[in-house]
Asks: 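First the structure, which I've put down as structure tokens, then a few questions once you've had a look.
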Amino acid sequence: IATRTERILVKPGHVNHRAYKALCSHARCVAYSVQYIVRQSFFEECERPSAPETDKLFRMDNPELYKTVSTAPSQRIG
């Protein structure tokens, strides 16, 4: 799996800096939670969960965080 990342710097003086920082922090929490679920299947020597299974596990393990995820991205996690 290849992941492409862009780094965009927003200076603290920018009008939306606080909002961007909060969104990035939230996205990082979601990504780490999903990676944890996938990693557990590796350590338990199980089959890697599919995207819908991962979404279901994420919803069960992190209900509060899952509620904050918008609909479209939450269906693509995995």
Side-chain angles (χ1 to χ4, degrees):
I1 296 174
T3 304
R4 190 172 288 208
T5 305
E6 252 183 72
R7 184 174 182 200
I8 300 171
L9 298 175
V10 180
K11 294 185 179 182
H14 191 278
V15 176
N16 294 323
H17 179 265
R18 185 175 289 158
Y20 294 153
K21 189 172 182 176
L23 287 170
C24 287
S25 177
H26 182 262
R28 187 172 39 253
C29 288
V30 170
Y32 287 162
S33 295
V34 172
Q35 287 175 1
Y36 177 81
I37 292 168
V38 173
R39 227 179 262 129
Q40 290 306 306
S41 68
F42 173 77
F43 291 122
E44 294 172 3
E45 298 180 4
C46 299
E47 198 173 299
R48 183 177 173 192
S50 65
E53 290 171 342
T54 304
D55 186 59
K56 182 179 178 182
L57 291 169
F58 176 60
R59 188 175 345 124
M60 291 181 350
D61 292 345
N62 302 294
E64 294 302 317
L65 186 58
Y66 186 83
K67 288 178 187 176
T68 64
V69 177
S70 64
T71 306
S74 67
Q75 293 175 3
R76 297 184 59 209
I77 292 175

Asks: Tell me every residue that passes ring pair (Phe, Tyr, Trp, His ring centres under 6.0 Å) with H14, counting only those two or more places apart in sequence or in another chain.
Replies: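 Ring pair (Phe, Tyr, Trp, His ring centres under 6.0 Å) list for H14, sorted by chain: Y20.
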
Asks: Under 3.5 Å, is there a donor-acceptor pair between the side chain of S25 and the main chain of K21?
Replies: no

Asks: Counting heavy atoms not belonging to E47, are there more than 12 under 6.0 Å from its CD?
Replies: no

Asks: If you round to the nearest 0.5 Å, how far is CG of L57 from CE of M60?
Replies: 5.0 Å

Asks: Is the closest side-chain heavy-atom distance between V34 and T54 below 4.5 Å?
Replies: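 SC-SC contact between V34 and T54 confirmed.
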
Asks: Please name the pair of heavy atoms, one in L65 and one in H26, separated by the smallest distance, quoted to 0.1 Å.
Replies: CD1-NE2, 3.6 Å

Asks: State, to 0.1 Å, how close K11 and H17 come at their nearest heavy-atom pair, and which atoms those are.
Replies: O-CD2, 3.4 Å

Asks: Each residue besides F43 in its hydrophobic cluster should be listed here, by chain and number; the cluster joins Ile, Leu, Val, Met, Phe, Trp and Tyr at side-chain heavy-atom distances under 4.5 Å.
Replies: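 Answer for F43: F42.
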
Asks: How long is the gap from CD on E64 to CG on N62, to the nearest 0.5 Å?
Replies: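 Between atom CD of E64 and atom CG of N62 there are 10.0 Å.
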
Asks: Can you tell me how far apart CD (Q35) and CD1 (I37) are? Round to the nearest 0.5 Å.
Replies: 10.5 Å

Asks: Kindly indicate whether the side chain of D55, heavy atoms from C-beta on, has any atom under 4.5 Å from the side chain of Y66.
Replies: yes

Asks: State the NZ-CZ distance between K56 and R59, to the nearest 0.5 angstrom.
Replies: 7.5 Å

